[in-house]
Amino acid sequence: MDRVPVLKLGDILIVSIQIDLQDQSVLALQEDLADRVVATGARGVIIDITAVEIVDSFIGRMLATIAAISRMLDAETVVVGMRPAVAITLVELGLSLGGVRTALNLEKGVALLNHLDGAQIVTAAQ
Amino acid sequence: MGVTLSVHADAGRRRIEELLQENEEPVFKRWLEIAGSSSNGHVDRGSLVGQLRELYQALRQSFGESSDSSDLRGLLAELSRSRARQGFTPTETAIVVFGLKEALYEIVENDGSPEALRGFVWFSRVIDELGLFTMESYAAARERIIIDQAEQLLELSTPVVKLWEGIVAVPLVGTLDSARTQVVMEKLLQTLVDTGSEHAVIDITGVPAVDTQVAQHLLKTVVAARLMGAECVISGIRPQIAHTIVTLGIEFGDIVTKASLADALAHALRQSGIEFVKHRGTRIAVRTVEE
């Protein structure tokens, strides 16, 4: 079974999905990610799906589940690099990925997390 | 009985072939006259002579030993196609084929033999078949033109324009249906990826009416853009359309809608942290607020 690597960049965890996801690897990824968030105290998780060309309702639910898990552990999830065809398919499937933030690419995803973090600090200061 | 009939038919057919061969020049001349008069002079006489000459030869060939009519059908299809493109009416196209019947009838009448008359019945059946074939080719060619135009229209009518760095707009003009929305959606999303734009404005000033289906399409596009990490603003909602949308009970949820494209652009600029500052005089300066 292929395991999806979880990369750490500062206090952000990056997951780049480059393989055809099997049910087993998805479950493993969710466990790995939860472990790493706790271990590193990450404040953000970025899931890069630039290489994903085909989605089904299972993948859609996976993204929502990962986001929910991360939020429980106080980390924001950003899904980046979704292809137009994938977005259209998800809409047709009726999945709007509520609660998941999205960005056009990895760079914008990182910027979004930094921005969110900054906003939180400002709010706290007030 | 059947054998006798077929013998008669064969005799008639042979007689027609002979007549076509012996009277090639008068028949051809008469045919040219009929075909030429029908097309109201908007066809080049020289090219018509060439076409008819070829057709005549192909027709005689198809009656010959090999009875191979593929040449004839090819020529007829080519003729119908070119006439369909040049905007000839169906009658003008069909008369070219049917004219030959009339042209030959005069010869058959002069001949007066029973074989020739019997043969003419057979001949006219052949010509009718060819006429139908011509009409079919003509209709197919017209259909092709319509499909091509529809495709071109689809591409022409959905431009995605860049308004600002990071802001793109789609001015929609005309009625929205599923096929068009699909094209618009794909093009917009692809442009978002290509240009890395985080804001999109869908301007529906040119959309004559919005019903539940059109609204559904718009919502889908906005949600898809959101999934990719871009925000969509819908602009150009006219008073009547706002009224219709409310009456129909369509929920736009948290999607931002603006009355005009200018408002939408201002909103998108504000969202991306760009501020307009008006100086003395009429010049407008722009500065980006550092975050």
Side-chain angles (χ1 to χ4, degrees), chain A residues 44-57 59-64 66-67 76-123, chain B residues 158 160 162 164-168 170 176 178-200 202 213-232 234 251-255 268 270-274 288-291:
Chain A
V45 175
I46 293 179
I47 304 172
D48 174 36
I49 55 167
T50 314
V52 176
E53 287 180 8
I54 300 163
V55 286
D56 50 19
S57 54
I59 307 271
R61 213 173 58 235
M62 168 201 86
L63 295 173
I66 289 179
E76 274 295 337
T77 306
V78 184
V79 173
V80 302
M82 191 183 290
R83 286 164 182 261
V86 170
I88 292 171
T89 312
L90 285 180
V91 173
E92 295 295 339
L93 286 173
L95 295 168
S96 58
L97 299 189
V100 183
R101 289 176 185 277
T102 50
L104 282 173
N105 50 41
L106 185 60
E107 194 182 2
K108 287 189 197 297
V110 175
L112 177 66
L113 280 176
N114 285 333
H115 179 75
L116 285 175
D117 210 36
Q120 274 161 11
I121 290 167
V122 170
T123 326
Chain B
T158 52
V160 180
K162 181 176 163 184
W164 206 274
E165 192 58 51
I167 304 173
V168 293
V170 206
L176 283 179
S178 307
R180 240 192 108 195
T181 321
Q182 191 74 18
V183 173
V184 171
M185 201 196 264
E186 275 167 20
K187 214 164 170 185
L188 173 62
L189 299 186
Q190 194 54 52
T191 314
L192 289 176
V193 176
D194 294 346
T195 62
S197 304
E198 285 187 331
H199 295 276
I202 302 176
Q213 208 173 0
V214 172
Q216 196 64 34
H217 289 319
L218 286 174
L219 291 179
K220 270 187 189 169
T221 311
V222 175
V223 174
R226 230 176 233 183
L227 279 178
M228 290 176 52
E231 270 306 314
C232 267
I234 296 176
E251 275 294 332
F252 270 69
D254 54 348
I255 293 164
R270 208 163 34 241
Q271 289 289 308
S272 39
I274 296 167
T288 309
V289 178
E290 291 296 327
E291 289 180 32

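Just so it is clear: chains get the letters A, B, ... in the order the sequence lines come, proteins before strands, and each one is counted from 1.
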(request) With sequence neighbours left out, write down each residue that passes salt bridge (charged side-chain N to carboxylate O under 4.0 Å, His left out) with A/E107, or none if nothing qualifies. (result)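 A/E107 satisfies salt bridge (charged side-chain N to carboxylate O under 4.0 Å, His left out) with no residue once adjacent residues are dropped.
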(message) According to salt bridge (charged side-chain N to carboxylate O under 4.0 Å, His left out), who are the partners of B/K187, at least two apart in sequence or on a separate chain?
(response)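 None.
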(message) At a 4.5 Å cut-off on heavy atoms, which part of A/I49 comes close to chain B: side chain, backbone, both, or neither?
(response)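 No part of A/I49 comes within 4.5 Å of chain B.
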(message) Is B/S197 in contact with chain A via its backbone, its side chain, both, or neither, using a 4.5 Å heavy-atom distance?
(response)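 The backbone, not the side chain.
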(request) Can you measure from CG (B/L192) to CG (A/N105) and round to the nearest 0.5 angstrom? (result)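 Interatomic distance, B/L192 CG to A/N105 CG, rounded to 0.5 Å: 11.5 Å.
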(request) Go through the steps for A/R83 and B/V193 under the test side chain to side chain contact (heavy atoms under 4.5 Å, CB included), then give the verdict. (result) CA-CA 8 Å; A/R83 286 164 182 261; B/V193 176; over 6 Å; no
(message) Take a 6.0 Å sphere around CD1 of A/I54 and say whether it holds more than 12 heavy atoms from other residues, nucleotides or ligands.
(response)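 No, CD1 of A/I54 has 12 or fewer neighbouring heavy atoms, counting only those of other groups under 6.0 Å.
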(request) Sort by residue number and list every member of residues 224-232 of chain B having a non-hydrogen atom under 4.5 Å from chain A. (result)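 Contacts with chain A: B/A224, B/R226, B/L227, B/M228, B/G229.
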(message) Tell me every residue that passes side-chain contact (heavy atoms from CB on, under 4.5 Å) with B/K220, counting only those two or more places apart in sequence or in another chain.
(response)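 Checked B/K220 against side-chain contact (heavy atoms from CB on, under 4.5 Å); matches are A/V91, A/E92, B/M185.
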